[in-house]
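Okay, so here's the structure we're looking at.
Indexing begins at 1, ligand by ligand and atom by atom, following the structure's order.
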Amino acid sequence: MASDRRDQAVRAAVDQALLTGTEPVAALLDVAGIRASAAALRAAFADVTDAPVLHAFAVKACPLVPVLRLLYEAGLGAEVASPGELALARAAGVPPERIVLDSPAKTPAELREALALNIAVNADNPQELARLDTLLAAHGHTGSPLGLRVNPQIGGGTIDALSTATATSKFGIALRDEGARARVVQAYLARPWLTRLHTHSGSQGVPLGLMVTGIKEVYELAEEINAAAGRRQVDTIDIGGGLPVNFTSDDETPTYAEYARLLATEVPGLFDGRYGLVTEFGRSLLAKHGTVLARVEYAKTSGSRPIAVTHAGVQVATRTVYDPASWPLRIAAYDAKGRPKQGPAVDQDVAGPACFAGDLLAVKRPLPLLEQGDIVAALDTGAYYFAHHYAYNSLTRPGVYGFTVRDDGSVRFATVRPPQTVAEIVAEAGGGHPDALLTDC
Ligand SMILES: *Cc1c(COP(=O)(O)O)cnc(C)c1O
């Protein structure tokens, strides 16, 4: 069970000195859990269709090269949205035919590189289509499958910042705007090389039913384009990612299988073999398999509330600290040796190290009373947390370690990313040219 593996890994992280006085934060990734999620995703779609499906992991959810490599070996690809993400996917050995480039702000240089590498591109808007026209005219042809992102404008979920299919979302072509649908059809008829349609209705907070509605709209648009073209011009539909993650317990719900079955029921034409599919899941593949561990440096009380001051705060849990109502995290308490902490639950705050009052991982959280030297674990942090370091207070990026638990219970760690050093912080902060502002510019 995932929670047993986690307990074994926390104990081993203490025994094997991943978490020390000088490295008071460490992040763990459960390799078996990641593999299981990748396998569950592939099985869920294989169960409902024989059509070819590329599962392109949304690199932004966990931009770490060994993770991308692990997922590639597990049969996945990569969805990238910046030159950095593309470079990470390539460094992981993901081949061009398994990479998809999205992003609402691609430069001509990015587009040129993608076309030269034969990487699939989803254009965001008419101006980007015009750039593709120019590039294709200059180069004759490309092996890149090319598509267009549309926004079905079906409405938002519970988290505004992550709802991408609202009436005024910045992503894709807003399909319900006056005349937009007809213009999209015309854009396809004028460009025989446009063979894909793409949508992504949002991440965490968008209910499955709403995601399915968005995909259904895009499927119907593909049918309309193909009818107008008199051929199967659109041959692949990219349904995006966005499966929500349960942050309240160890249960992995909803499942990929539920989502695939719901899609197959509501949009059967998507799975009858006429269309290839691309998916772009991120959070749901990684979130539950990551844990941040941090030492309790001090335990104090303030206004008679107990506060555990730890080393994990805004730098590793940025969303939770700035928007705690949308992003509550589960916290598990361990003693100094890494054993699950026992004792009656006491309401207490779990604070981070940063110098502002709001740097709290949890407020009034019932946990066994934390003491100096104990360890707190921030659970479900494998996506969009420790891989998304925020450089407040020049806090160093923690090391990230993958772990596997052997049959005999022993735990093996592999370094995914070494801890950042203070010397690296100085170098990245202009340490190499301290006099830069003293001389005349
Ligand atoms: C962020 C994003 C994803 C991944 O979303 P998750 O909620 O992590 O599954 C997929 N596609 C696009 C275009 C995105 O922007």
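In summary, Glu266 and Arg261 do not engage in a salt bridge, as defined by a charged side-chain N under 4.0 Å from a carboxylate O. Under the 4.0 Å criterion applied to side-chain N and carboxylate O atoms, Arg149 and Asp238 are not assigned as salt-bridge partners.
Because its NZ or CZ atom is both nearer than 6.0 Å to the ring centre of Tyr384 and within 45° of the ring axis, Arg319 counts as a cation-pi partner of that residue.
Note on ring orientation: taking the six-membered ring where Trp is involved, the planes of Phe45 and Phe281 are tilted (angle from 30° to 60°).
Scanning the protein heavy atoms around atom 10 (C) of ligand 1, the nearest turns out to be Glu280 O, 3.0 Å.
Taking the six-membered ring for Trp and the full ring otherwise, the centers of Phe171 and His200 sit at least 6.0 Å from each other.
Closest approach of Leu370 and Ala333 over heavy atoms only: CD2-CB, 3.8 Å. Minimum heavy-atom separation, Tyr188 to Gly147: OH-C, 4.3 Å.
The side chain of Ala58, and not its backbone, has at least one atom closer than 4.0 Å to an atom of ligand 1 (non-hydrogen atoms only; side chain from C-beta on).
The closest approach between any non-hydrogen atom of Gly242 and ligand 1 is below 4.0 Å. The closest approach between any non-hydrogen atom of Tyr384 and ligand 1 is below 4.0 Å.
Here atom 1 (C) of ligand 1 lies nearest to Lys60 when heavy atoms of Lys60, Glu79, Gln204 are compared. Closest heavy-atom approach to atom 5 (O) of ligand 1 within the set Gly282, Ser201, Ser203: this belongs to Ser203.
Remark: ligand 1 atoms within the under-4.0 Å shell around heavy atoms of Phe281 are 9 (O). Residue Asp102 has at least one heavy-atom neighbour below 4.0 Å for each of these atoms of ligand 1: 13 (C). Distances below 4.0 Å separate heavy atoms of Arg149 from the following atoms of ligand 1: 13 (C).
Inclusion of Arg283 in the set of residues having an N or O under 3.5 Å from an N or O of ligand 1 is warranted.
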